[in-house]
Number of protein chains: 2
Amino acid sequence: MSTISKENYLKAIFSYSTELDNNASTTMIANHLSISSSAISDMAKKLSKEGLVKYEKYKGIMLTPHGEKAALKVIRRHRLWELFLMNVLGLDWSEVHNEAEKLEHYSTDFLIDKIDEYLGHPDFDPHGHPIPKKNGSIPEIPNVILLAEAETNNKYELISVNDKESELINFLKKVGLKLNSKLEIVDKLDYDNSISVRVNKKNITLSKKVSDNLFVRLIEG
Amino acid sequence: MSTISKENYLKAIFSYSTELDNNASTTMIANHLSISSSAISDMAKKLSKEGLVKYEKYKGIMLTPHGEKAALKVIRRHRLWELFLMNVLGLDWSEVHNEAEKLEHYSTDFLIDKIDEYLGHPDFDPHGHPIPKKNGSIPEIPNVILLAEAETNNKYELISVNDKESELINFLKKVGLKLNSKLEIVDKLDYDNSISVRVNKKNITLSKKVSDNLFVRLIEG
DNA sequence: CTTAATTGTTAAGCAAGCTTAACTTTGTTC
DNA sequence: GAACAAAGTTAAGCTTGCTTAACAATTAAG
């Protein structure tokens with residue numbers, strides 16, 4: 001049976017799965033969830049028994065197709081709630097995540113479908129992340145790269161933010177960067193890998209730490 | 001600390017408190033929550049230690065002012081969610097309760113205030129029940145009596161439904177009765193205590209079981 | 001007012017989901 | 001490739017919130 005804990009494990013494992021390496025390590029998940037690593041080993045066995053996860057001792061954890069479907073379902077709920085709370089109640093970019101983090105576990109499929117319908121079956125959430133469809137498919141983001149990898153003199157649009165740390169979102173607010181903001185790369189500084197961009201007719205400099213967590217889409221070459 | 005279980009206990013105890021008798025019995029709460037009565041005794045001790053409840057062995061359970069405040073807070077969350085889901089997402093009378101039953105435990109005060117504001121600080125929920133205010137006060141319903149106690153030839157408005165059993169709500173839907181429906185008492189039948197009322201130009205007969213769970217307000221004498 | 005039925009409490013035990021501490025495997029460095 | 005560090009696992013134990021079974025208090029009926 002699915003519980004809150006299990007849903008959170010699945011989400012965490014999912015977030016460490018890439019095309020290159022689908023394996024999540026015990027410590028990664030432990031840190032992500034702020035839980036001891038022994039608890040992770042334990043849970044890995046349970047999820048494995050339920051067929052949600054492929055788990056071999058000392059070899060890492062990997063979602064099965066079944067587990068991935070379950071994870072996407074939770075992510076769908078999370079992102080729909082985020083968008084809904086922003087659009088309807090006018091919550092802030094930085095406020096929605098925490099609320100959604102709870103509500104995602106306590107909404108029936110029925111309610112989520114109603115929200116989806118209300119919003120017109122949107123493809124992306126307020127952070128620019130794709131909202132998995134009911135059937136498990138994931139809307140594609142076109143030509144997205146890290147801001148850190150953007151090229152000088154090109155123009156980009158801010159598409160998505162790695163929101164693991166909400167400090168980043170607060171930082172962006174202060175600097176005046178929003179989702180869909182247009183930014184032109186003015187200069188890339190080899191010395192500290194910072195990047196100088198022009199937004200709203202102002203030049204600002206972003207550290208590597210920031211540009212490594214922002215995703216952009218090329219709009220003018 | 002407040003947990004989901006504790007919140008549900010407090011709500012249950014509250015629902016058995018009247019002006020006449022503020023005491024809730026172990027079995028009443030056990031039935032209400034579908035939980036063994038031993039679990040109730042256990043929890044009563046815990047809540048008592050936290051000062052939320054006055055509990056004496058074999059003498060019943062009673063909310064302290066502190067506990068009542070906590071219960072009203074949960075009820076407020078529940079009723080605001082109900083109204084919100086109906087108004088915004090168009091959920092049905094019979095659908096909102098179950099959703100709200102979960103969401104009420106996982107909403108921050110911040111979110112609830114936003115919902116309250118969005119709805120324009122409403123006084124009553126979709127079932128006609130008063131929504132406790134943030135400060136703990138309860139909006140008054142004027143001149144409300146049980147339909148079972150209504151008098152022949154008078155006109156009443158349906159104000160509130162005892163929604164402990166959702167079957168009743170389904171029944172009302174079928175019969176065509178809604179909140180704020182106007183009904184005229186045509187006859188009261190002594191034989192089985194059923195009551196004959198005129199609604200929307202149709203006469204229908206309601207059993208004692210039904211009329212004991214509907215609250216009405218006199219509109220014409 | 002005694003007895004039987006009802007109601008309430010205590011005790012023991014279980015599952016979930018954690019923790020810490022001890023131990024094992026794997027990886028890294030020289 | 002030996003030795004140590006890092007990562008992962010196992011074991012024992014804790015808390016919450018439940019259960020069932022046995023026992024105690026209260027109430028109701030004759």
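Being a predicted model, the structure only gives us computed values, none of them experimental.
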So what does [X] hit on the nucleic acid, given a heavy-atom distance under 4.0 Å: a base, only sugar-phosphate, or nothing?
X: B/Ser5; result: sugar-phosphate
X: B/Thr26; result: sugar-phosphate
X: B/Ser37; result: base
X: B/Ile35; result: sugar-phosphate

For the pair B/His32 and B/Tyr16, name the ring-plane relationship: parallel under 30°, tilted 30 to 60°, perpendicular over 60°.
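Perpendicular, since the angle between the ring planes exceeds 60°.
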Determine whether a donor-acceptor pair (N or O, by modelled atom type, separation under 3.5 Å) exists between the side chain of A/Glu7 and the backbone of A/Ile4.
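The answer is no, because no donor-acceptor pair under 3.5 Å joins these two groups.
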Whole-Å gap separating [atom2] ([N]) and [atom1] ([X]):
X: A/Lys59; N: C/dG27; atom1: NZ; atom2: C1'; value: 13 Å
X: B/Lys6; N: D/dT16; atom1: NZ; atom2: P; value: 7 Å
X: A/Ile4; N: C/dA16; atom1: CD1; atom2: C1'; value: 11 Å
X: B/Asn8; N: D/dG17; atom1: CG; atom2: C1'; value: 12 Å
X: A/Glu50; N: C/dA16; atom1: CD; atom2: P; value: 9 Å
X: A/Ile29; N: C/dG17; atom1: CD1; atom2: P; value: 15 Å
X: B/Leu47; N: D/dG17; atom1: CG; atom2: P; value: 9 Å
X: B/Tyr16; N: C/dT7; atom1: OH; atom2: P; value: 14 Å

Phosphate oxygens OP1/OP2 of [N]: is one of them under 4.0 Å from a side-chain N or O of [X]?
X: A/Lys57; N: C/dT24; answer: no
X: B/Tyr9; N: D/dC18; answer: yes
X: B/Lys45; N: C/dT10; answer: yes
X: B/Thr3; N: D/dG17; answer: yes

Among the candidates [options], find the nucleotide nearest to the side-chain atoms of [X].
X: B/Lys46; options: D/dG17, C/dG17, D/dT9; result: D/dG17
X: B/Tyr58; options: C/dC18, D/dC18, D/dA24; result: D/dA24
X: B/Ser38; options: D/dA25, D/dG17, C/dT10; result: C/dT10
X: A/Ala39; options: C/dC18, D/dT26, C/dG17; result: C/dC18

Distance-minimising heavy-atom pair for B/Ala24 and B/Met28
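Result for this residue pair: CA-CE, 4.3 Å.
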Assess the side chains of A/His78 and A/Asp125: does a donor N or O sit below 3.5 Å from an acceptor N or O?
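No pair is found: no donor N or O on one side chain lies under 3.5 Å from an acceptor on the other.
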side-chain contact (heavy atoms from CB on, under 4.5 Å) with A/His121: which of A/Asp113, A/Asp116, A/Leu80, A/Ile131?
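Among A/Asp113, A/Asp116, A/Leu80, A/Ile131, the one meeting side-chain contact (heavy atoms from CB on, under 4.5 Å) with A/His121 is A/Asp116.
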